[in-house]
Amino acid sequence: MRIGVVADKEGGGRLREIGPDRSSDGGLWRVGDLAGAVADYENHGGTAPRWVWAATDEVYPRLVERSPRVSRCHDIALVESLLLGYDGRFGEARSLGAAWARLHGRDVPPDPVTRAADGADPHPALFEPDRSTLPAGVDRLTALLEVHADQQRRIARLPDPGRFALLAAVESAGALAAVEMSHDGVPWRADVHDAVLAEHLGPRPSHGMRPPVLAGLAERISDAFGRPVNPDSPAQLLKAFAALGHRLTSTRSWVLKEVDHPVVPLLLRYKELSRLHSAHGWGWLESWVRGGRFRPDYVVGGVVSGRWATRGGGALQIPKAIRRAVVADPDWTLIAADAGQVEPRILAAVSGDDALAAAAGSDDLYARLAGSFGGDRQRAKIGLLAAMYGQTGGDAAPLLHTLRRLYPRALHHVDAAAREGEEGRLVRSWLGRTCPPPSGMWRRVTAGGDGAEDDAAARRARERGRFTRNFVIQATAAEWALVFMAAVRRGLAGLDTGRGVPRLVFFQHDELVLHVPRQIADSAVEMLRAAAEETRALMFGSTPVRFPLDIAVVECYGDA
DNA sequence: CAGACTAGCCAC
DNA sequence: AAACGTGGCTAGTCTG
């Protein structure tokens, strides 16, 4: 059963059961305590409803504090975005108000701008404006049900409604998980983080100063150049190197490594530590960690490929060194589940290449391919990644030749996606997420074709080809991860909560981290494996391709 | 002087 | 090894 929900500003709301057609919709009722009403439904036994609401990130944060977790939802804005994208209208306004306006042939309002997160203590003065974009006088719940019915019709008309419905469901489930993870937070030991920083950088300096180790390195760098140089300034570094007779194209680490001069190791060390200090130093710790938790603000579907982004806090780029600060609570444990080699496995599954699929039936796909590359697993890996990323230079060319001979259907799959991209067409993931159309500028540039403009046109076309080549793989890998996360979310609800409620606390592209009472770690691991198996069946039916999980049960994420 | 842009490195 | 896809984030630098 589906229930449409509209929240009011006082914690209440209106609900309406949604029937198979408009005339069978149930009665409308008003509740003073929306969280309580939702909880009643979720606890009632039997199948929980699918809540239909305008946007999970507007409605759910206020529910999640009080009610038990919601099982399922349909997020109008996220589904609208997927449907628009399918029609080549990527990026058009997707709010309930925008969808309603399109449905009624009215002027489409732009989406409200989302405020950037600014740390662990959101600014109370900026608290929640009214984000509805419906015209005055239009009933919100009526509009919600109309747009929902329209979305259901649009999905039903697609060539493969079942797949797209799965995409809509897991995108929405992801939105639930994102709100829950932001609420629960990643267990974060500020004292351990501080110790890691002190170990690398020395004691914390007073505000605005370089930490002792960085200050010392900066001084030695200037001495080595024989002049004052700010190592944070690429321009100054290039000049200083030029004065020594080294004309560098950039100051990237791998360029510096080619230079034979005593200043280079100092600079490389400085860059590494400076990055640690500026991106994840004491300033970050104060802004983002409160009460022993790091609470990232996830942006579901924030990346064209369907991967998530985060707003502030850099949650998807936590450096390996800092992961030592992620430590389970006493008597609890972290379980990190990493799906290994997802992208080549996805390629094997979606291309229908039997030979590659057979190799993807093993735990180490690259090792299985190594025999064709003189026994060199690393070369097999580079070759396969090159095929999916569109790399042509470097060592890739002969490896690609070998792959094209051994796995023609797999290579044809990505080559075809690249060609369609170069021609300005759309490509789609397995479940139907669709890449953005080329920009008007792209069309103008590539439509040209006289003399000097040919180079630019060909380059832009090849760039888009690399993008679409990768899109069909990366976007399908992202939805594999979403289906998996949704299955894990369901699985968590079935675990014993007698010693505390196990939680999903972190998600990063192809990796999930759970925080669970230690006594139920074994059953959680078992649940994860079952969820991965369920995901394979839901996505690909019967396929020899396997998606093995690398599971680490650890106290500290740094040990995973 | 605020905002836009660039260079560079982090993650997958 | 370093022209290979998706991003976020910071300090330095440019611009109006």
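Every chain is numbered from 1, with letters handed out A, B, ... down the list of sequences.
- The distance from atom OH of A:Y557 to atom P of B:dA11 is 11 Å, rounded to the nearest whole Å.
- In this structure, A:R220 places its CZ atom where only 12 or fewer heavy-atom neighbours from other residues, nucleotides or ligands lie under 6.0 Å away.
- Taking atom CD of residue A:E272 and atom C1' of nucleotide B:dC9, one finds them 11 Å apart after rounding to whole Å.
- Interface remark: the A:R252 side chain does not form any donor-acceptor pair with the B:dC9 base, using a distance-only criterion of under 3.5 Å.
- Using a 4.0 Å cut-off on heavy atoms, none of the residues of residues 371-386 of chain A approach DNA chain C.
- Rounded to an integer number of Å, the gap from A:N470 CG to C:dA3 P is 18 Å.
- Donor-acceptor pairing under 3.5 Å is recorded for the side chains of A:Q341 and A:D364.
- Checking C:dC9, C:dT6, C:dC4 against every side-chain atom of A:Q391, the shortest atom distance belongs to C:dC4.
- Between A:F225 and A:F241, the ring centre distance stays below 6.0 Å.
- Note on A:V255: nothing from the nucleic acid sits closer than 4.0 angstrom, heavy atoms only.
- Considering only side-chain N and O atoms, A:K271 lies under 4.0 angstrom from the phosphate OP1 or OP2 of B:dC9.
- In this structure, A:E479 does not pair ionically with A:R163, as no charged nitrogen and carboxylate oxygen lie closer than 4.0 Å.
- In this structure, CZ of A:R459 is placed 14 Å from P of C:dC4, rounded to the nearest angstrom.
- In summary, A:R189 and A:D191 engage in a salt bridge, as defined by a charged side-chain N under 4.0 Å from a carboxylate O.
- Within the nucleic acid shown, A:R466 comes within 4.0 Å of sugar-phosphate atoms alone, with no base atom in reach, counting heavy atoms only.
- A donor and an acceptor atom, one from each side chain of A:S182 and A:D297, are nowhere located under 3.5 Å apart.
- Here A:T251 lies in heavy-atom contact (under 4.0 Å) with sugar-phosphate atoms only.
- Between A:R460 atom CZ and C:dA3 atom C1' there is a gap of 16 Å when expressed in whole angstrom units.
- Put simply, the residue from A:L201, A:L217, A:L214 that forms a side-chain contact (heavy atoms from CB on, under 4.5 Å) with A:S274 is A:L214.
- Across all strands, A:R464 comes closer than 4.0 Å to no nucleic acid atom at all (heavy-atom distances).
- The stretch residues 397-410 of chain A does not touch DNA chain C, since none of its heavy atoms comes less than 4.0 Å from the strand.
- Within the nucleic acid shown, A:G313 comes within 4.0 Å of sugar-phosphate atoms alone, with no base atom in reach, counting heavy atoms only.
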I'd like to know whether A:L431 forms a side chain to side chain contact (heavy atoms under 4.5 Å, CB included) with A:T476, so could you lay out the CA-CA distance, the side-chain angles of the two residues, the decisive distance to 0.1 Å, and finally the verdict.
CA-CA 7 Å; A:L431 296 184; A:T476 306; over 6 Å; no

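- Ranked by how close their nearest DNA chain C nucleotide is to the 5' end, A:A279 and A:W254 are led by A:W254.
- Computed from coordinates, the A:I318 CD1 to B:dC12 P distance equals 10 Å when rounded to whole Å.
- Note on A:D184 versus A:R295: no salt bridge recorded, every NZ/NE/NH1/NH2 to OD/OE distance being 4.0 Å or above.
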I'd like a list of close polar pairs between nucleotides 12-16 of chain C and the protein, N/O only, cut-off under 3.5 Å.
unit_1 : atom_1 : unit_2 : atom_2 : d
C:dG12 : OP1    : A:N230 : ND2    : 3.1
C:dG12 : O3'    : A:S233 : OG     : 3.4
C:dT13 : OP1    : A:S233 : OG     : 2.5

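- The residue A:S305 sits apart from the nucleic acid: no heavy atom pair falls under 4.0 Å.
- The separation between A:Q508 atom CD and C:dG7 atom P is 16 Å, rounded to whole Å.
- In this entry the distance linking CH2 of A:W288 with C1' of C:dT10 reads 14 Å, nearest Å.
- OP1 or OP2 of C:dG7 has not a single side-chain nitrogen or oxygen of A:T310 nearer than 4.0 Å.
- Between A:E258 and A:Q474, the residue anchored closer to the 5' end of DNA chain C is A:E258, taking for each the nucleotide with the nearest heavy atom.
- With 3.5 Å as the limit, one finds a donor-acceptor pair spanning the side chains of A:T434 and A:R428.
- Nearest to the side-chain atoms of A:S278 among the listed nucleotides C:dT6, B:dC12, C:dT10 stands C:dT10.
- A distance of 10.0 Å separates CD of A:E533 from CG of A:L549, quoted to the nearest 0.5 Å.
- A:D415 has a carboxylate O that lies under 4.0 Å from a charged side-chain N of A:R469, or vice versa, which qualifies the two as a salt bridge.
- Heavy-atom contacts from other residues, nucleotides or ligands closer than 6.0 Å to CD of A:E555 number 12 or fewer.
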